[in-house]
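Here is the structure we will look at.
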Amino acid sequence: PTLSAPRHFPLAVLAVMLFLPPPRGPRAEGREVGEVVERLLDDWSGVWALAIVCAVCGNDLYDVRYCDDGRVERHVQGAELRKPPASDEPLFRWRVGDAIERLLDDISDIWAPAVVCRASTDGSYDVRYADDGRLEVGVDCSELRSRKERREVPEGV
């Protein structure tokens, strides 16, 4: 048996559709796994949430993991994602070997110095604490920040 297009859909149109590049517009950017993005949560109020792309599904659809609660949302349209606004400090994006601080107690605002040992595509990090060398696996990106430089002040100053 031979394959044929439905009679109501001309073969020439099918051929053109197969070879046309996907439409590109100002909001239709390709994303990569591990990329930090913002996801539009509510069109009316313009609320955006910080997330990390954890899978590229094709057809401009992506799976994203939210940085605040770690929840994964599947098949998010590319038009509902954007790059986060520029800032002086990278948004939840560290590399292996980066000096960071890990939030230990959010009520008392206690942070412990650590080093990134592994970055996962789900937005979590493995960190090794500077004080005792202990390794913690799967730390959520919302509980990390860049380490503040500390300067020793001589006595009597």
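Keep in mind it's a predicted model, so treat the numbers as computed, not measured.
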Intermediate values then yes/no, side-chain contact (heavy atoms from CB on, under 4.5 Å), Trp48 and Arg39:
CA-CA 5 Å; Trp48 294 81; Arg39 157 73 159 106; 5.5 Å; no
Can you give me the closest heavy-atom contact between [X] and [Y], atom names plus distance?
| X | Y | result |
| --- | --- | --- |
| Cys117 | Leu135 | SG-CD1, 4.0 Å |
| Gly133 | Arg128 | O-NH1, 2.7 Å |
| Val64 | Leu81 | CG1-CD2, 4.1 Å |
| Tyr66 | Leu41 | OH-CD2, 3.8 Å |
| Asp126 | Gly138 | OD1-N, 3.0 Å |

Rounded to the nearest 0.5 Å, how far apart are CG of Leu104 and CD1 of Ile110?
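Going from CG on Leu104 over to CD1 on Ile110, the span is 7.0 Å.
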For the CZ atom of Arg65 and the CD atom of Glu73, what is their distance to the nearest 0.5 Å?
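So the CZ of Arg65 and the CD of Glu73 are separated by 12.5 Å.
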Ser124 and Val139: CA distance, side-chain angles, deciding distance, side-chain contact (heavy atoms from CB on, under 4.5 Å) verdict:
CA-CA 5 Å; Ser124 67; Val139 178; 6.0 Å; no
Decide if atom CG of Asp109 counts as having more than 12 heavy atoms of other residues, nucleotides or ligands within a radius under 6.0 Å.
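For Asp109, atom CG is crowded (more than 12 foreign heavy atoms under 6.0 Å).
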Same apolar cluster: Val47 and Val76, side chain cutoff 4.5 Å
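Yes, it is one cluster - the side chains of Val47 and Val76 are joined through contacts under 4.5 Å.
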Is Val115 linked to Trp111 within one hydrophobic cluster, defined over Ile, Leu, Val, Met, Phe, Trp and Tyr using a side-chain heavy-atom separation of less than 4.5 Å?
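Hydrophobic grouping puts Val115 apart from Trp111.
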Heavy-atom side-chain proximity of Leu61 to Gln77 below 4.5 angstrom:
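Touching, per the 4.5 Å side-chain cut-off.
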Is any side-chain heavy atom of Leu50 less than 4.5 Å from a side-chain heavy atom of Val36?
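Yes, side chains in contact.
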Under the criterion side-chain contact (heavy atoms from CB on, under 4.5 Å), I'd like the reasoning laid out for Cys54 against Val72: C-alpha separation, chi angles, the key distance, then a yes or no.
CA-CA 8 Å; Cys54 54; Val72 173; 4.2 Å; yes
Evaluation steps, salt bridge (Lys or Arg N to Asp or Glu O under 4.0 Å), between Arg102 and Glu143
CA-CA 6 Å; Arg102 158 69 157 105; Glu143 297 178 349; 2.9 Å; yes
Charged N to carboxylate O below 4.0 Å: is that the case for Glu101 and Arg147?
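The answer is no: the pair does not qualify as a salt bridge.
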Would Cys141 and Tyr125 count as a side-chain contact (heavy atoms from CB on, under 4.5 Å) if you check the C-alpha gap in whole Å, the side-chain angles of each, and the deciding distance to 0.1 Å?
CA-CA 7 Å; Cys141 59; Tyr125 295 85; 3.9 Å; yes
Partners of Arg74 by salt bridge (charged side-chain N to carboxylate O under 4.0 Å, His left out), sequence neighbours excluded?
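Salt bridge (charged side-chain N to carboxylate O under 4.0 Å, His left out) list for Arg74, sorted by chain: Asp63.
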